[in-house]
There are 2 protein chains.
Amino acid sequence: MPTATYHRENLRETLLELAERTVRRSGVESLSLRELAREAKVSHAAPARHFRDRRALLDALALEGFQRLNRAMADAAATSGPFGTRFRAIATDYVSFAVENAALLGLMYAVKHEADASDALVEAGRRSMRVAVELIAEAQSEGDVLPGDPERLALVAFASVHGVAVLATGDLLEGFSVEQATDAAVDVLLSAIAAPDPRA
Amino acid sequence: MPTATYHRENLRETLLELAERTVRRSGVESLSLRELAREAKVSHAAPARHFRDRRALLDALALEGFQRLNRAMADAAATSGPFGTRFRAIATDYVSFAVENAALLGLMYAVKHEADASDALVEAGRRSMRVAVELIAEAQSEGDVLPGDPERLALVAFASVHGVAVLATGDLLEGFSVEQATDAAVDVLLSAIAAPDPRA
DNA sequence: ACCTGAACACCGTTCAAGT
DNA sequence: ACCTGAACACCGTTCAAGT
């Protein structure tokens with residue numbers, strides 16, 4: 001008779017993985033701690049040891065989401081090449097993440113602005129905006145982007161790309177593909193903020 | 001002893017009003033049909049006569065939301081004046097609606113793209129996009145906007161404004177006011193798509 | 001330290017029965 | 001037609017008790 005089916009190696013991670021899977025498959029609202037516990041083959045009270053309540057689990061999920069998104073954006077920003085290319089790469093990555101993790105993205109933004117969001121979560125939420133600000137400030141100093149408050153331009157760029165992401169996940173693209181929509185937004189932004197090529 | 005505390009004038013409307021109030025105050029997830037029934041002083045099974053299930057009530061709420069939003073946008077679009085002014089007015093109205101009805105807007109977009117959303121809901125969701133397309137097509141025929149697929153430009157404009165709305169409700173404006181963010185997005189969009197003034 | 005099992009106060013949904 | 005009250009199968013959360 002094998003013993004110890006009863007405490008698990010790393011219940012916290014197991015629960016997070018299971019939770020992410022069910023959020024992806026059926027949305028946040030159908031995520032039940034008791035169901036999760038059943039899937040993890042653990043008593044329904046066990047998750048409480050690792051997450052104070054349902055919200056704490058959701059917060060942890062959202063935090064992981066922001067961390068993954070930020071890593072992807074930072075990687076795309078870190079490539080070399082002309083500003084337009086790097087900007088387009090970041091936008092594409094952002095929208096791809098949104099499409100592939102639609103429910104998670106919704107959770108990330110929903111949970112971030114709840115009154116008592118953790119510092120780590122708020123900080124992670126701000127981080128992607130800062131990637132955009134730095135990219136634009138840097139491009140300005142290279143003469144690739146018109147002068148002007150980089151925070152203001154980054155806000156508009158971020159809003160625009162995030163908007164495409166939301167419309168994409170909401171099935172509101174009305175005939176355009178995700179790539180077409182992203183490219184269109186990037187084209188419009190670049191035509192507004194890119195400095196004219198001095199070699200032209 | 002007064003009789004008839006027991007069937008109500010218009011329970012459906014009463015429930016919708018109460019539901020909207022609690023969604024506004026405490027979010028969708030804390031909306032309970034039983035609680036609603038208690039507030040309406042009706043048995044917990046009574047709401048089922050008017051809404052098949054919780055989702056049906058949420059759908060009805062979302063539909064009302066789109067209708068109000070679309071009315072506001074159509075009104076702003078119907079004013080006369082130069083394209084830039086009208087466009088800015090619509091954007092401002094959209095973002096104001098989003099800020100004043102943050103939870104409702106979230107519900108609207110969440111519910112719209114659930115697999116079995118009602119036709120009325122999907123149609124209402126598309127309508128605001130069409131207002132944008134028409135505005136831009138009209139401005140192009142007047143020579144106020146550069147030529148190009150009006151649906152593509154409207155998509156970008158819509159995404160941009162919706163993005164500002166989402167960032168605003170998500171407390172991600174980082175030091176900018178809602179008005180500043182909206183104006184910045186409109187400025188950038190106009191500088192990309194507005195035709196140069198022929199009188200200049 | 002980590003988990004269990006029972007208990008409590010909620011849910012949404014359904015359905016026979018009442019008016 | 002519209003509502004009630006009871007019932008069913010779920011929840012999240014807490015807590016004494018076990019190992």
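Chain letters run A, B, ... following the sequence lines, proteins first and then strands; every chain starts at 1.
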Residue A:R127 excluded, over 12 heavy atoms near CZ under 6.0 Å: no

d(NE2, B:H44; C1', C:dC11) in whole Å: 11 Å

Minimum-distance nucleotide (side-chain atoms of A:S43 versus C:dC3, D:dC3, D:dT14): C:dC3

Distance, rounded to the nearest Å, where B:L57 contributes CG and C:dT13 contributes P: 10 Å

Atom-pair distance (CG on B:L58; P on C:dG12), nearest Å: 11 Å

5′-ward residue of the pair B:H50/A:R54 relative to DNA chain D: B:H50

SB check B:R152 A:D187 (cutoff 4.0 Å): yes

DNA chain D contacts among residues 27-38 of chain A, heavy-atom distance under 4.0 Å: A:L31, A:S32, A:L33, A:R34, A:E35, A:R38

A:E100/A:R24 salt bridge by N-O under 4.0 Å criterion: no

Under 3.5 Å donor-acceptor, A:S30 side chain and A:S26 backbone: yes

Atom-pair distance (CG on A:D53; P on D:dT13), nearest Å: 5 Å

Secondary-structure notation, DNA chain D, from Watson-Crick and G-U pairs under 3.5 angstrom (| other strand): ||.|||||...|||||.||

Main-chain N/O of A:L61 paired to A:E20 side chain as donor or acceptor, under 3.5 Å: no

Nucleotide C:dT4, atom C1' - distance to CG of A:L11 in whole Å: 13 Å

Sugar-phosphate only, base, or nothing, as touched by A:R49 at under 4.0 Å among non-hydrogen atoms: base

N/O donor-acceptor pair under 3.5 Å between A:E39 side chain and A:L18 backbone: no

Basic-acidic side-chain contact under 4.0 Å: A:R55, A:D59: yes

d(CZ, B:F51; C1', C:dT13) in whole Å: 16 Å

Backbone N/O of A:A78 and side chain of A:R86: donor-acceptor pair under 3.5 Å: no

Validation row, ring centre B:F97 to ring centre B:F66 under 6.0 Å: no

